[in-house]
Amino acid sequence: MNTTTNRDGGMSRRAFLGAGTVVAGTAIAGCTAQGLRTSETTDRREWAFAPGAVTELRVASDVGSVTVAGGSTDAVEVVAAKRSWNGQRGLNALAVDADLVDGRLTVVSTADTGRIRTGQTPRVDLTIEVPAGAAGPAITRVTTDFGDVTLTDTRGDTRIETVAGAIVATGVDGYLSLRSTAGHIEAASVAGLDDVRTEIGRVKVEVLGVRRDVAIRSEMGEVVVGVADDLDLDVLAEADGRVSSDLDLLDQRSRRNRLTGRLNDGGYRLHATSDFGHVDLRRMDR
């Protein structure tokens, strides 16, 4: 693979003392691959925003993966990797921008590639690194039509949606709403869940906190829910297949495909369901 990179202005990557400085670069690569992918052309852009300039982050993508991760960085850094298997023509169909207004950073990528999308559709893969902990911005919304979403070590109540793609969230200090039309969903070590739903795919999540009734559902796939044993919940689990549980429930009523009961003092309802699949409730010690 031969790669050339050009940066505008010769600015150091850390020389961005203003509210936001764009560091743009281009990398064009021709790569031999297996199968139908004979060559790949890429274009890379980067943005870096000064510490404290970003208080909220929103991301919207047509085609491509989105990764947002908290780390040791002292800034918000956005990397957009355009990828095409149709040469420059494919790259020209892609657009991406990062816009900071009154502390809200909005990252948007679009793809003028038609309605039918496959593994060779030109895409923009977004990687965003933010300061970990309280110094980082609140991640409020991440959406993509075609691509996976990964959220790691971030903060803020976040709504994540993808039409075709998986969702993985770990180490999030906030309440999450997670929805996919076709894709697996996983959530672990997050402050709490508001709702989780996929039409086609497996769901595996941990419920460590609730602030309202919570529905966790797969229309076609297994649902596995770890539940903190000190929560006060009314529990309902239903499935087309088997329902199993090791929760210490009071007033428990169960049969093969349905279970109800009260965890501790009861309270908000936890409803776990699979239209075509099994449901498994697992006790988690604090």
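Scope of the values below: all heavy atoms of this structure, side chains included, with no hydrogens, waters or symmetry mates.
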**OP:** Please examine the side chains of Arg258 and Leu236, heavy atoms only from C-beta on, and report whether any two atoms are closer than 4.5 Å.
**Re:** yes
Subject >> Intermediate values then yes/no, side-chain contact (heavy atoms from CB on, under 4.5 Å), Ser109 and Leu126 >> reply: CA-CA 9 Å; Ser109 70; Leu126 296 171; 4.1 Å; yes
Original post:
For Thr140 and Glu56, what are the C-alpha separation, side-chain angles and deciding distance, and is it a side chain to side chain donor-acceptor pair (under 3.5 Å)?
Top reply: CA-CA 7 Å; Thr140 57; Glu56 178 187 354; 2.9 Å; yes
Subject >> Inter-residue atom distance Phe276.CZ - Ser218.OG, 0.5 Å rounding >> reply: 10.5 Å
Original post:
Looking at Val63 and Ala111, what are the two nearest heavy atoms and their distance?
Top reply: CG2-CB, 4.0 Å
Subject >> Note, Thr152 side chain near Thr150 side chain (heavy atom, < 4.5 Å) >> reply: yes
**OP:** Please identify each residue that fulfils salt bridge (charged side-chain N to carboxylate O under 4.0 Å, His left out) with Asp230, with sequence neighbours left out.
**Re:** Arg286
Original post:
What do the steps show when you test Ser65 against Asp125 for side chain to side chain donor-acceptor pair (under 3.5 Å), and what is the final call?
Top reply: CA-CA 5 Å; Ser65 64; Asp125 292 328; 3.1 Å; yes
**OP:** Find out if a path of hydrophobic residues (ILVMFWY) with successive side-chain heavy-atom gaps under 4.5 Å connects Leu247 to Val210.
**Re:** yes
Subject >> Modelled atom types, side-chain donor and acceptor of Ser84 and Thr41, under 3.5 Å >> reply: no
Original post:
For Gln252 and Leu259, what are the C-alpha separation, side-chain angles and deciding distance, and is it a side-chain contact (heavy atoms from CB on, under 4.5 Å)?
Top reply: CA-CA 7 Å; Gln252 177 173 314; Leu259 177 145; 4.0 Å; yes
Original post:
Sequence neighbours excluded, which residues qualify as salt bridge (charged side-chain N to carboxylate O under 4.0 Å, His left out) partners of Asp248?
Top reply: Arg283
Subject >> Nearest-0.5 Å distance, OG of residue Ser244 to CZ of residue Arg282 >> reply: 7.5 Å
Subject >> Residues in salt bridge (charged side-chain N to carboxylate O under 4.0 Å, His left out) contact with Glu206, at least two apart in sequence or another chain >> reply: none
Original post:
Which heavy atom of Gly171 sits nearest a heavy atom of Val190, and at what distance?
Top reply: N-CG1, 4.4 Å
**OP:** Please answer: with hydrophobic residues joined when any side-chain heavy atoms are less than 4.5 Å apart, are Val68 and Tyr175 in the same cluster?
**Re:** no
Original post:
Cut-off 3.5 Å, side chains only: do Asp99 and Thr106 have a donor facing an acceptor?
Top reply: no
**OP:** Side-chain contact test, heavy atoms from C-beta onward, threshold under 4.5 Å: evaluate it for Val96 versus Trp47 and give yes or no.
**Re:** yes
Original post:
Quick one: do Arg159 and Asp194 make a salt bridge, cutoff under 4.0 Å?
Top reply: no
Original post:
Which pair of heavy atoms, one from Ala239 and one from Val279, lies closest together, and at what distance?
Top reply: CB-CG2, 3.8 Å
**OP:** Using modelled atom types only, decide if a donor and an acceptor are shared between the side chain of Arg155 and the backbone of Gly136 within a distance under 3.5 Å.
**Re:** yes
Original post:
Do Thr181 and Ile200 pass the side-chain contact (heavy atoms from CB on, under 4.5 Å) test, and can you show the C-alpha distance, the side-chain angles, and the key distance before you say yes or no?
Top reply: CA-CA 6 Å; Thr181 301; Ile200 303 174; over 6 Å; no
Subject >> Contacts of Glu222 that satisfy salt bridge (charged side-chain N to carboxylate O under 4.0 Å, His left out) - sequence neighbours left out >> reply: Arg202
**OP:** Please examine the side chains of Ile128 and Val107, heavy atoms only from C-beta on, and report whether any two atoms are closer than 4.5 Å.
**Re:** yes
**OP:** Could you tell me whether a side-chain N or O of Asp148 sits under 3.5 Å from a main-chain N or O of Gly165, the two making a donor and an acceptor?
**Re:** no
Subject >> Leu91 side, atom CG; Arg83 side, atom CZ - distance, nearest 0.5 Å >> reply: 11.5 Å
Subject >> Side chain to side chain, Pro137 and Pro131, heavy atoms closer than 4.5 Å >> reply: yes
Original post:
Roughly how far, to the nearest 0.5 Å, is the CZ atom of Arg104 from the CZ atom of Arg58?
Top reply: 3.5 Å
Original post:
Can you tell me if Thr110 uses its side chain to pair, donor with acceptor, with the backbone of Asp62 under 3.5 Å?
Top reply: no
Subject >> Considering all heavy atoms, the nearest Ser39-Trp85 contact >> reply: O-CD1, 3.2 Å
Original post:
Does atom CG of Asp285 have more than 12 heavy-atom neighbours from other groups under 6.0 Å away?
Top reply: yes
Original post:
Which pair of non-hydrogen atoms, one from Leu281 and one from Ala237, has the smallest distance, and what is that distance?
Top reply: CD1-CB, 4.0 Å
**OP:** In sequence, state the C-alpha distance, the side-chain angles, and the governing distance for Ser189 and Thr170, and then conclude on side-chain contact (heavy atoms from CB on, under 4.5 Å).
**Re:** CA-CA 6 Å; Ser189 300; Thr170 56; 5.6 Å; no
Subject >> Leu151 and Thr158, any side-chain heavy atoms less than 4.5 Å apart >> reply: yes
Original post:
Is Phe146 close to Thr121 at the side-chain level, that is, under 4.5 Å between some pair of heavy atoms?
Top reply: no
**OP:** Could you tell me whether the side chain of Leu176 reaches within less than 4.5 Å of the side chain of Asp157, counting heavy atoms only?
**Re:** no
Original post:
Between Val207 and Ile160, is there a shared hydrophobic cluster once you connect ILVMFWY residues whose side-chain heavy atoms come closer than 4.5 Å?
Top reply: yes
Original post:
Between CZ of Arg212 and CG of Asp195, what distance do you get to the nearest 0.5 Å?
Top reply: 8.0 Å
Original post:
Got a sec, which residues hit side chain to side chain donor-acceptor pair (under 3.5 Å) with Asn92, two or more places apart in sequence or on another chain?
Top reply: Gln88
Original post:
Are Val59 and Leu94 connected in a single hydrophobic cluster, I mean Ile/Leu/Val/Met/Phe/Trp/Tyr linked by side-chain heavy atoms less than 4.5 Å apart?
Top reply: yes
Original post:
Nearest heavy-atom pair of Ala187 and Leu193: which atoms, and what distance?
Top reply: CB-CD2, 4.3 Å
Original post:
Rounded to the nearest 0.5 Å, what separation is found between the NZ atom of Lys204 and the CD1 atom of Ile216?
Top reply: 14.0 Å
Original post:
If you group Ile, Leu, Val, Met, Phe, Trp and Tyr by side-chain heavy-atom gaps below 4.5 Å, do Val243 and Val214 land in one group?
Top reply: yes
Taking only distance into account, with no hydrogens and no angle test, what donor-acceptor pairs under 3.5 Å do side-chain atoms of residues 262-275 form with protein atoms, sequence neighbours excluded?
{"from": "Arg262", "atom 1": "NE", "to": "Asn264", "atom 2": "O", "distance (Å)": "3.3"}
{"from": "Arg262", "atom 1": "NH1", "to": "Asp251", "atom 2": "OD2", "distance (Å)": "2.4"}
{"from": "Asn264", "atom 1": "ND2", "to": "Asp229", "atom 2": "O", "distance (Å)": "2.9"}
{"from": "Asn264", "atom 1": "ND2", "to": "Leu231", "atom 2": "O", "distance (Å)": "2.6"}
{"from": "Tyr268", "atom 1": "OH", "to": "Arg211", "atom 2": "O", "distance (Å)": "3.2"}
{"from": "His271", "atom 1": "NE2", "to": "Glu238", "atom 2": "OE1", "distance (Å)": "2.8"}
{"from": "Thr273", "atom 1": "OG1", "to": "Glu238", "atom 2": "O", "distance (Å)": "3.3"}
{"from": "Ser274", "atom 1": "OG", "to": "Gly221", "atom 2": "O", "distance (Å)": "2.6"}
{"from": "Ser274", "atom 1": "OG", "to": "Gly277", "atom 2": "N", "distance (Å)": "3.1"}
{"from": "Asp275", "atom 1": "OD1", "to": "Arg217", "atom 2": "NH2", "distance (Å)": "3.4"}
{"from": "Asp275", "atom 1": "OD2", "to": "Arg217", "atom 2": "NH2", "distance (Å)": "2.6"}

